[in-house]
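These numbers come from the heavy atoms of this one structure, side chains and all, not from hydrogens, waters or symmetry mates.
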Amino acid sequence: MIAKVKSLCARHREVLMYLIFGFLTTVVGWSVYYVLLFGGRAIFDIPADETTSVRYLALYTAAQILQWVCAGLFAFFTNRAWVFTHADRSVSVWKQLVTFAGGRIITLGIDYVITFGLTLALGALIPAWTAAVLWGKTFNLCELISKLVASVAVIISNYVVSKLFVFKNKKEQ
């Protein structure tokens with residue numbers, strides 16, 4: 001039984017490592033995003049149910065971009081070192097980083113659209129979720145659910161881009 005599990009893990013090592021580091025990348029990104037979003041809401045006195053004002057859109061955009069930069073850098077270096085270990089090492093780090101960033105820009109757009117669109121849609125369908133109270137704090141549950149859905153789409157998309165374009169094996173070029 002243990003031998004079978006080890007064999008299965010060895011065969012799917014890359015995907016398992018990608019999922020582990022994808023999860024950690026998500027933690028990094030979400031931490032930055034929610035610190036900026038919650039902190040910005042508090043600093044600029046933006047209520048949890050306010051999701052269409054210029055103030056909110058500016059804060060939301062800044063949080064999305066900064067989380068993208070932090071998570072992207074973390075993901076690039078961990079993927080290069082521990083996930084895609086069979087990638088052609090003769091390719092320059094800078095070329096990989098530029099290709100990686102290009103793919104991540106596309107998935108930033110996916111994240112932005114899904115999170116924003118689904119937050120608005122859920123808020124319209126279930127208005128009470130825009131001002132949910134948890135641990136004495138008011139927050140927008142629609143944003144949290146939307147970010148979770150967007151993260152799944154982004155993790156899958158990023159794996160495909162990384163595997164096919166950024167960290168290609170030497171024989172695949």
Side-chain angles (χ1 to χ4, degrees), residues 12 14-79 83-84 97-167:
H12 300 289
E14 184 179 275
V15 171
L16 292 172
M17 293 300 286
Y18 185 81
L19 291 173
I20 290 166
F21 285 106
F23 171 78
L24 293 174
T25 298
T26 301
V27 169
V28 168
W30 279 32
S31 297
V32 170
Y33 176 79
Y34 281 109
V35 163
L36 292 172
L37 196 66
F38 290 152
R41 281 185 181 276
I43 290 168
F44 299 112
D45 196 31
I46 302 171
D49 61 350
E50 185 178 320
T51 56
T52 57
S53 70
V54 171
R55 294 180 323 150
Y56 172 77
L57 289 175
L59 174 62
Y60 168 76
T61 301
Q64 281 282 47
I65 291 170
L66 289 173
Q67 73 113 30
W68 176 83
V69 169
C70 294
L73 288 172
F74 177 84
F76 176 76
F77 290 108
T78 58
N79 285 343
V83 178
F84 298 102
L97 184 58
V98 168
T99 306
F100 186 86
R104 294 292 168 128
I105 287 172
I106 293 167
T107 59
L108 169 64
I110 292 169
D111 189 355
Y112 190 96
V113 169
I114 290 173
T115 303
F116 185 68
L118 194 54
T119 297
L120 290 179
L122 288 173
L125 290 171
I126 312 167
W129 285 6
T130 62
V133 177
L134 184 65
W135 299 301
K137 290 291 228 177
T138 303
F139 70 100
N140 190 327
L141 184 59
C142 300
E143 283 175 345
L144 180 63
I145 293 167
S146 300
K147 198 68 174 161
L148 180 62
V149 171
S151 291
V152 171
V154 166
I155 287 171
I156 293 168
S157 301
N158 283 335
Y159 178 79
V160 171
V161 168
S162 291
K163 180 75 175 162
L164 297 179
F165 302 106
V166 181
F167 301 110

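Without hydrogens or angle criteria, T107 side chain to I110 main chain gives no donor-acceptor distance under 3.5 Å. No donor-acceptor pair under 3.5 Å is formed between the side chain of T130 and the backbone N or O of D49.
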Under the criterion side-chain contact (heavy atoms from CB on, under 4.5 Å), I'd like the reasoning laid out for F167 against E14: C-alpha separation, chi angles, the key distance, then a yes or no.
CA-CA 12 Å; F167 301 110; E14 184 179 275; over 6 Å; no
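Listed by first then second residue, pairs satisfying salt bridge (charged side-chain N to carboxylate O under 4.0 Å, His left out) with a partner in residues 52-64 read E50-R55, not counting sequence neighbours. The stretch residues 119-136 participates, sequence neighbours left out, in no salt bridge (charged side-chain N to carboxylate O under 4.0 Å, His left out) pair at all. Pairs of residues two or more places apart, or lying in two chains, that qualify as salt bridge (charged side-chain N to carboxylate O under 4.0 Å, His left out) and include a residue from residues 110-128 are D111-K147. Residue pairs meeting the side-chain hydrogen bond (donor to acceptor under 3.5 Å, both in side chains) criterion with at least one partner in residues 16-32, sequence neighbours excluded, are W30-S151.
The two atoms that bring A150 and T115 nearest to each other are CB-OG1, 3.3 Å, heavy atoms only. For the pair G29 and A71, the tightest heavy-atom approach, listed with the atom from each and the gap, is CA-CB, 3.9 Å.
For T99, the side chain to side chain donor-acceptor pair (under 3.5 Å) criterion is met by no residue, not counting sequence neighbours. Applying the side-chain contact (heavy atoms from CB on, under 4.5 Å) rule to T61 yields the partners I65, Y112; only residues at least two apart in sequence or on another chain are considered. Listed by chain and residue number, nothing satisfies the side-chain contact (heavy atoms from CB on, under 4.5 Å) test with A101 (two or more places apart in sequence, or in another chain). Remark: N79 engages no residue in a side chain to side chain donor-acceptor pair (under 3.5 Å) (not counting sequence neighbours). The ring-ring contact (aromatic ring centres under 6.0 Å, His included) search around F116 returns Y60, not counting sequence neighbours. Under the side chain to side chain donor-acceptor pair (under 3.5 Å) criterion, S162 pairs with no residue, sequence neighbours left out. Contacts of T78 classified as side-chain contact (heavy atoms from CB on, under 4.5 Å), with partners at least two apart in sequence or in another chain: F21, F74, W82.
Between I155 and N158, every side-chain heavy-atom pair lies at or beyond the 4.5 Å cut-off. In this structure, N140 and L144 have side chains that are not in contact, with every pair of non-hydrogen atoms separated by 4.5 Å or more. Taking 4.5 Å as the limit, every side-chain heavy atom of V161 sits out of range of all side-chain heavy atoms of I106. The closest side-chain heavy-atom distance from F77 to L73 is below 4.5 Å.
Summarising the geometry, atom CG belonging to L120 is positioned 5.0 Å from atom OG1 belonging to T51; distances are rounded to the nearest 0.5 Å. To the nearest 0.5 Å, atom SG of residue C142 and atom CD1 of residue I126 are 6.5 Å apart. Taking CD1 of I20 as the start and CZ of F23 as the end, the distance is 10.5 Å to the nearest 0.5 Å.
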What donor-acceptor contacts under 3.5 angstrom involve side-chain atoms of residues 32-42, with partners at least two apart or in another chain?
unit_1	atom_1	unit_2	atom_2	d
R41	NH1	P47	O	2.4
R41	NH2	E143	OE2	2.8

